[in-house]
Amino acid sequence: MELTKKDVDYVASLARLEFEEKEKENLVKQLGSILGYIDKIKEVDTSTIAPTSHGGTSENVWREDVVVKSSQETIDALFKNAPEQDGDFFKVKKVMELED
Amino acid sequence: MNNKYEVIIGLEVHSQIKTKTKIFCNCSTDFHSQPNTNICPVCTGQPGVLPVLNKHAVELIVRTGLALDCTINKKSVFARKQYFYPDLPKNYQISQYELPFCEHGKINITVDGKTKSIGITRIHLEEDAGKLIHDIGSRQLDYSLADYNRTGVPLMEIVSEPDMRSPQEAAAYLESLKNLIEYVEASDCNMEEGKFRCDANISIRPFGQKEFGTKAELKNMNSISGVQEALSYEVERQIEIVESGGRVIQETRTWDPNEKVTKSMRSKENAHDYRYFPDPDLVPVNLDDEFIDNIKKNIPELPEARKARLINDLGLSEYDTNIIISDKALADYYETALNTANKGAKEPAAAAKTVANWIITELLGKLNNSKLTIKESPISPENIGKLVILISKGTISGKIAKTIFEDMFKDNKDPEVIVKEKGLVQISDAGEIVKVCQEAIDENAKIVADYKSGKKSAIGALVGAVMKKSKGKANPQMVNKTLTELLNK
Ligand SMILES: [Zn+2]
C-alpha cells in the first residue's frame, strides 16, 4: 500500500497534530517504510493461526476490589505534570461539539 | 400516531458497575468525593504505568450477562478506542471490540399487557471518562475544568438488537433492564448520578419494507421519560421529512429537554474513526467453568423467581405481586415490613396480604402524591410492620390505623408510640362497650323503632353512633354483637 500526504493529513487530524509541509514529506517517507515492513510480514501465511492480541502467554492478570488512596504527594505530582491547574481542577482548553 | 411507518429502535445503555475501586487501578469510585481526589498515575494516563483489571467488575458483568440469558465468552480481550478529548487523559478509552464478555442475550418487556422479548446483542466492559465543567453557575468559562474522579470507573455497555417498535417499548425495555440490573446488584442504576445512561438509534420505514431506513443517534436523555419523549419527537420529525419528499440523514442528535426537540450535532466527519486495536497492556481474560459456575450459584434472586415465591409461599395475588416485584427496592421494602409483621402475627399468611395492601394502596399512593420513590419513603418498612401487628392484635381498628398512618408519614414515628401518646387503644372491654351501646340506644329511639319493626339494616346507624361516641376506638365486631344482643333482649 502506497502512503500519501493525504493519509498523513488525516491521521494527524485524528490525533489533533499539526505539521509543517516539510515535516509531512518526511512523515510520508517514514510511515511509508513502516507500512512497507508490515506488508512484508503479511506475506507469511497465517490462515491456520488464531489471531493474537498479546505477545505473552499469561492470562487473567487481575486484582481484588480494594481501595488504595493516592497520597497527597502523588496527587500534587499529577497536577505538576499537567499544563495548568485551577483550584481542585485540571484546567484544559475548551472543546465543545457544535450544535445547529 | 402514524399507521404507515414502522418505527425501529435499538438502545445502548451504559451502566456503572458497582465496585469499590476503578476498573484498572485501586482508586475509589465514590461519587461524592472532592474533585480530583480519587486519581492516581494509572487513571490519569501517566507514561509507563500498567493497568490491572478489577476481578469483581468481571464477576458483575458476567452475573448480569447470565441474568440476561447471554452466552458468556470465556475468552475476552480489551481494545483501545482512540479519541482525543480532554475528559480522557490517555487519549484512548480501554473498551472491548472483538470478544466482549457477553453476547446474544434477551429480556422480556410488557407493554399494554403484551409480553415481548428484546434481544441483547452484547455487553462489554469499559472505563468511564472524566467530567468536564464548562461553566460556573451562569458564568460560561472560556476554558474547561477537568475532574478525573470518574475516569476509569467501570461501565458495562449493553447494546440491544433493533427490536423495539415504539417509544413505549423502548421505555419498557429500560425499566425492565434497570430493574434486572438492580436485582443482580451489579449497579445502582441511579440516573441522576449518571450511573445508568442511554443513547438511542432510531429509524422509520414503510410497513412491509425489508431494509432499515437511515437512522439517527440520539444522545443526552437523562431519564426514561426523557428517552420516550425524545424518541416520540424523532418519529414525528422523520415521518415529516419522508412525507415531504426528503431523506433522513445519518447523524447524531442531542435531546434538548427544555425545548423538547432533538438538534443536530455537527461533529466532524471523521469523529467516529476510533482505530480500535487490542490493548497491549492487558493480557486476555480466560474464564474457566468454575469461575462461571460460582457466579451462577451465587446469583441473587431474579424477579421471576421472587414472583413465584411471593405467590406460592405467601399466597399473594398475581396482581399485587407484579406491582411489588416491578422494583427491587419496593420488593425489599415489602419483605422487610412483612418480617417485622410476622414476628407479631397470629397467621403469617394473613399478615402477607395485609402488609401488601398497606403498601400498595396506602403507601404508594401517598408517595406518588408527594413525588417520592420507595427509597425516599418517610415511613420505614419496620414501622409498617408494627402498624400491621397493632391491627392484627386488635389494639387498634383499621380506621384508627389510617389516622396513625397519616402521622407516621409526617415523621416516621413508631406507631406504638403514637397509639400511646394519643390514647388510641381500641376499647375491647365488654363492660365499657355495653355502656356506650346502651347510651346510643337510649339516644336514638327512632332508629331503634325502625330496627324493631323489621328494618334490620338500621343497626348500621347505631354502630356509627357508638363509633362516634367512642371516637372510633370501640372494637367494631364487639359493638355489632353487643348492639344485637341489647336490641333483641
Ligand atoms: Zn486511579
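So you know, we letter chains A, B, ... as the sequences are listed, proteins then strands, and number each from 1. All values below come from the heavy atoms of this structure, side chains included, with hydrogens, waters and symmetry mates left out.
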### Query
Top residue by heavy-atom pair count (under 4.5 Å) with chain A, among B/Pro278, B/Ala146, B/Cys40?
B/Ala146
### Query
Considering only heavy atoms, which portion of B/Gln34 lies under 4.5 Å from any heavy atom of chain A: side chain, backbone, both, or neither?
side chain
### Message
If I take atom CZ from residue A/Phe90 and atom OG1 from residue B/Thr44, how far apart are they, to the nearest 0.5 angstrom?
### Response
6.5 Å
### Task
Please answer whether the main-chain N or O of B/Leu141 pairs with a side-chain N or O of A/Lys94 as donor and acceptor at a distance below 3.5 Å.
yes
### Message
For B/Lys75, is the NZ atom crowded, meaning more than 12 foreign heavy atoms sit under 6.0 Å from it?
### Response
no
### Query
Taking A/Ser70 for the side chain and B/Ile39 for the main chain, is one N or O donor matched with an acceptor at less than 3.5 Å?
yes
### Query
Under 4.5 Å between any side-chain heavy atoms of A/Tyr10 and B/Asp273, yes or no?
yes
### Message
Walk me through whether B/Asn36 and A/Asp88 qualify under side-chain hydrogen bond (donor to acceptor under 3.5 Å, both in side chains).
### Response
CA-CA 6 Å; B/Asn36 292 307; A/Asp88 291 340; over 6 Å; no
### Best-contacting candidate, B/Asp142, B/Val285, B/Val58, B/Val52, against chain A by heavy atom pairs under 4.5 angstrom
B/Val52
### Donor-acceptor pair, side chain of A/Arg63 and main chain of B/Cys25, under 3.5 angstrom
yes
### Query
How close do B/Phe84 and A/Arg16 get, heavy atom to heavy atom, and via which atoms?
O-NH2, 3.6 Å
### Query
Atom NE2 in B/His56, atom CD in A/Glu64: separation rounded to 0.5 Å?
10.0 Å
### Query
Who pairs with B/Lys74 by salt bridge (Lys or Arg N to Asp or Glu O under 4.0 Å), at least two apart in sequence or on another chain?
B/Asp289
#### Entry: Under 3.5 Å donor-acceptor, A/Asp65 side chain and B/Lys55 backbone
no
### Query
In terms of heavy-atom pairs under 4.5 Å with chain A, which of B/Pro41, B/Ser76, B/Cys27 leads?
B/Pro41
### Message
side chain to side chain contact (heavy atoms under 4.5 Å, CB included), that's the test. Do B/Gln82 and A/Leu14 meet it? Break it down for me.
### Response
CA-CA 9 Å; B/Gln82 336 283 325; A/Leu14 282 179; over 6 Å; no
### Query
So does B/Glu98 have more than 12 non-hydrogen atoms from other groups sitting under 6.0 Å from CD?
no
### Message
Does A/Lys24 have more than 12 heavy atoms from other residues, nucleotides or ligands lying within 6.0 Å of its NZ?
### Response
yes
### Query
What part of A/Thr74 gets closer than 4.5 Å to chain B, counting heavy atoms only: side chain, backbone, both or neither?
side chain
### Summary
So, the part of B/Phe24 with a heavy atom under 4.5 Å from chain A: the answer is backbone
### Task
Carefully, step by step, assess B/Asn38 and A/Lys69 under the rule side-chain hydrogen bond (donor to acceptor under 3.5 Å, both in side chains).
CA-CA 7 Å; B/Asn38 299 327; A/Lys69 270 196 91 69; 3.1 Å; yes
#### Entry: B/Ile23, part contacting chain A, at a heavy-atom distance under 4.5 Å
backbone
### Query
Quick one: does B/Asn286's side chain get under 4.5 Å of A/Asn60's, heavy atoms only?
yes
### Query
Considering residues at least two apart in sequence or located in another chain, which fulfil the side-chain contact (heavy atoms from CB on, under 4.5 Å) criterion with B/Ile133?
A/Phe89, B/Leu145
### Message
Sort by residue number and list every residue of residues 90-97 of chain B having at least one heavy atom under 4.5 Å from chain A.
### Response
none
### Message
Non-hydrogen contacts under 4.5 angstrom with chain B: give the residues of residues 78-86 of chain A involved, or none if there are none.
### Response
A/Leu78, A/Phe79, A/Asn81, A/Asp86
## Note on the structure
Okay, A/Lys93 and chain B: the region with an atom under 4.5 Å from a heavy atom over there is backbone
